[in-house]
Amino acid sequence: MGNYIGKSVKRREDARFLKGAGKYTDDIKLPKMTQAAFARSPYAHAKIVSIDTSGAEKAEGVVAVYTANDACGQYGVPCGWQVNFKNGETMREPVHPLLAKDKIRHLGEAVAVIIAESLELARDAAELVEVEYEELPAVTDPKKAMAQGAPIVHDEWPDNAAFDWCIGNDRAEVEAALEAAHHVTELEFNNQRLAPNAIEPRSYIADYDVNGDKWTLYSSTQNPHLIRLLLCAFVLGIPEHKVRVVSYDVGGGFGSKIYHYTEEALLTWASREIGRPVKWTADRSEAFLTDAHGRDHAVKSKMGFDKEGKIVAHLTDEYCALGAYLSTFAPAIPTYLHGTLFQGVYATPLIHLNVTAPFTHTVPVDAYRGAGRPEATYLLERMLSKAAMEMNMDQAEIRFKNFIPPFDGIEQPGYQTQVALQYDSGNYEGTLKRGLEMLGYEDFRKEQQAARKNGKLLGVGISTYIEGCGIAPSAVVGALGARAGLYEVGHVRVQPTGKISVFTGTHSHGQGHETVFAQFVADKLGIDMDDVEIVHGDTEQVAFGMGTYGFRSLSVGGTAIIKSID
């Protein structure tokens, strides 16, 4: 019994996945279920002159057609994080409508939803929606969006800025140190926009029960409880106990399925209007136009060094696109999840990062594949590598010169960075040394020189990084602008037979929670792992949770489970 942690065990999830028996939202079939399709804009920026849905309404199999002029048009999807301007001005937060009414602000924005007896009939009818557009100039580059005379995304804010923000030391002090530096490395580049592309596209089914005046929303989400919270409290204005959000198996998320999307709220609203279940699953092209994108930074950076190659100062200015609207966690990504990693693993005495976050005529930007942290690491490592070449230093040598000295957080106190975070422990020099030994770095460099004489090119890249993980606790993130607590709920129930049911708010989308959580619960209780059941992904069975992302599963969700046992 017990002793499962650290052992190689068969993943409990894999039995159903390998047999093709996973349960995904798109697999669900409900009685009298209808299908939804959307009429979407072919323009990134346009005035909506008129919408004629009469042809679609008369089409075969059509149950209903809705535009923003219907009741659903008054609601908007909220942002879950607030980052204000440096001068204290409140973050600018436009209404994110479920359907566009007067203006189109990004390619693919929906103007109408068509509900029909089948997907084919819904899509056919969507093509019959006639929209007269007046195309307007658009801006997609974050730096150009802040230029004088740039096309305006939201009329009430002619400079397009959602907010600006900075972190680190005084800018003038950093600039003075750069002026006095022996060598300054400069770099300007775009960290390009990325579009998520999980194997399973987003999929939703909304079902209204007239007898109980309750809804069930089946969603391919990473975060069922967050969806229920935003959907009820901020979009539809209905009590949370009347909505159940269920997420079974999820075929990949990588951040893009954390957020509350307009389609979830719209289908939930429509299911009551028609008195029947409504289903929508994005096709691949639609997903590229509607899933929240990642990154899209325009970066200009300077890093100063002394004669020995040690960093003396680092200054960076970034324009970070947010898209046409503010997605759920969007303001936090280029600020508190990005700027707080600008120290990296290097003993940089002076740092200043300035972030300008403009609206652009593009799909909203949010967390995707690392969410701000990879962008910081990429910049730091590019700067170190470029500086090494400019100063004729070895790539490993320049890093060894600049590593934060080893500290264990006990005999040596934690390391306080210039960008708010305090590291608890680290031995970055030892880690890189071990890596170079495993590679045989010195021998490789000799082989590299010999190969070049024979016209062959061999390369080796070095990159070191540190990452902010396990985002919590609620008091900290609340002080930084989070509008909801990032706490998790864990509940362990002992059944009459002695078997264990574990209820967790930390939903899985491929992380193997059903295996890992069962391992440490079995060890904690000294029982067989097969006697542990893991329950997740259902707001009616688990009180609350903020989902899986940023390595929160064990550090936050797992801690909640262990605390419930203790």
Side-chain angles (χ1 to χ4, degrees), residues 22-38 61-66 70-72 75 77 98-99 110 112-123 125-126 200-251 257 259-283 286 290 505 507 509 535-545 547:
K23 190 173 184 180
Y24 298 92
T25 302
D26 194 51
D27 297 328
I28 299 171
K29 293 180 175 60
L30 302 179
K32 300 177 65 178
M33 186 168 70
T34 61
Q35 297 273 352
F38 290 88
V62 170
V63 177
V65 179
Y66 298 112
D70 301 295
C72 64
Y75 306 115
V77 174
L98 304 190
L99 294 169
V113 58
I114 298 84
I115 301 171
E117 299 292 350
S118 72
L119 178 59
E120 292 75 15
L121 293 173
R123 287 177 172 173
E200 177 200 24
R202 287 191 295 122
S203 182
Y204 312 120
I205 302 171
D207 184 20
Y208 176 68
D209 175 15
V210 65
N211 296 316
D213 188 28
K214 290 186 176 182
W215 289 261
T216 299
L217 174 64
Y218 300 92
S219 176
S220 60
T221 179
Q222 298 174 221
N223 204 337
H225 292 87
L226 175 69
I227 303 308
R228 185 184 64 173
L229 171 64
L230 298 181
L231 174 72
C232 294
F234 299 97
V235 184
L236 298 184
I238 53 181
E240 285 185 81
H241 71 273
K242 288 186 175 291
V243 175
R244 176 189 182 190
V245 179
V246 181
S247 183
Y248 293 115
D249 292 321
V250 178
K257 292 180 183 172
Y259 330 116
H260 181 29
Y261 287 95
T262 57
E263 292 89 357
E264 288 167 305
L266 191 54
L267 264 63
T268 302
W269 174 85
S271 67
R272 180 179 179 179
E273 294 296 306
I274 68 171
R276 294 173 62 181
V278 187
K279 176 181 181 180
W280 173 77
T281 300
D283 61 29
E286 201 170 20
T290 58
H507 186 34
H509 57 283
V535 180
H536 60 98
D538 187 341
T539 62
E540 202 157 272
Q541 296 194 66
V542 183
F544 194 74

[X] (side chain) donor-acceptor with [Y] (main chain) under 3.5 angstrom:
X: Asp249; Y: Lys23; answer: yes
X: Gln222; Y: Lys257; answer: yes
X: Gln541; Y: Asp538; answer: no

Nearest heavy-atom pair of [X] and [Y]: which atoms, and what distance?
X: Pro239; Y: Cys232; value: O-SG, 4.0 Å
X: Ile274; Y: Ala64; value: CG2-CB, 3.9 Å
X: Ala122; Y: Ala36; value: CB-C, 4.2 Å

- Please list, chain by chain and in numerical order, all residues satisfying salt bridge (Lys or Arg N to Asp or Glu O under 4.0 Å) with Glu263, sequence neighbours excluded. Arg40, Arg202
- Item | Pairing residues for Asp283 by the salt bridge (Lys or Arg N to Asp or Glu O under 4.0 Å) criterion, not counting sequence neighbours | Arg123
Output every pair passing salt bridge (charged side-chain N to carboxylate O under 4.0 Å, His left out) with a member in [range], not counting sequence neighbours, ordered by first then second residue.
range: residues 217-226; answer: none
range: residues 28-37; answer: none
range: residues 267-281; answer: Asp26-Lys279, Glu117-Arg276
range: residues 210-237; answer: Asp213-Lys242, Arg228-Glu240

- Say whether Thr281 and Ser203, considering side chains only, have a donor N or O and an acceptor N or O under 3.5 Å apart. yes
Student check: side-chain heavy atoms of [X] and [Y] closer than 4.5 Å:
X: His260; Y: Leu226; value: no
X: Val62; Y: Leu121; value: no
X: Ile238; Y: Val243; value: yes
X: Thr216; Y: Val246; value: yes
X: His225; Y: Val542; value: yes

Between [atom1] of [X] and [atom2] of [Y], what distance do you get to the nearest 0.5 Å?
X: Phe38; Y: Thr262; atom1: CZ; atom2: OG1; value: 6.5 Å
X: Leu229; Y: Asn223; atom1: CG; atom2: CG; value: 9.5 Å
X: Leu266; Y: Leu231; atom1: CG; atom2: CG; value: 11.0 Å
X: Asp207; Y: Thr268; atom1: CG; atom2: OG1; value: 10.5 Å
X: Tyr204; Y: Ser247; atom1: OH; atom2: OG; value: 10.0 Å
X: Leu217; Y: Leu267; atom1: CG; atom2: CG; value: 8.0 Å

- Message: Run the side chain to side chain donor-acceptor pair (under 3.5 Å) test against Gln35 and tell me which residues pass, sequence neighbours left out.
- Response: none
- Residues which pass side chain to side chain donor-acceptor pair (under 3.5 Å) with Thr221, listed by chain and number, not counting sequence neighbours: none
What pairs with [X] under ring-ring contact (aromatic ring centres under 6.0 Å, His included), at least two apart in sequence or on another chain?
X: Trp269; answer: Tyr66
X: Tyr218; answer: none
X: Tyr248; answer: none
X: His536; answer: His507

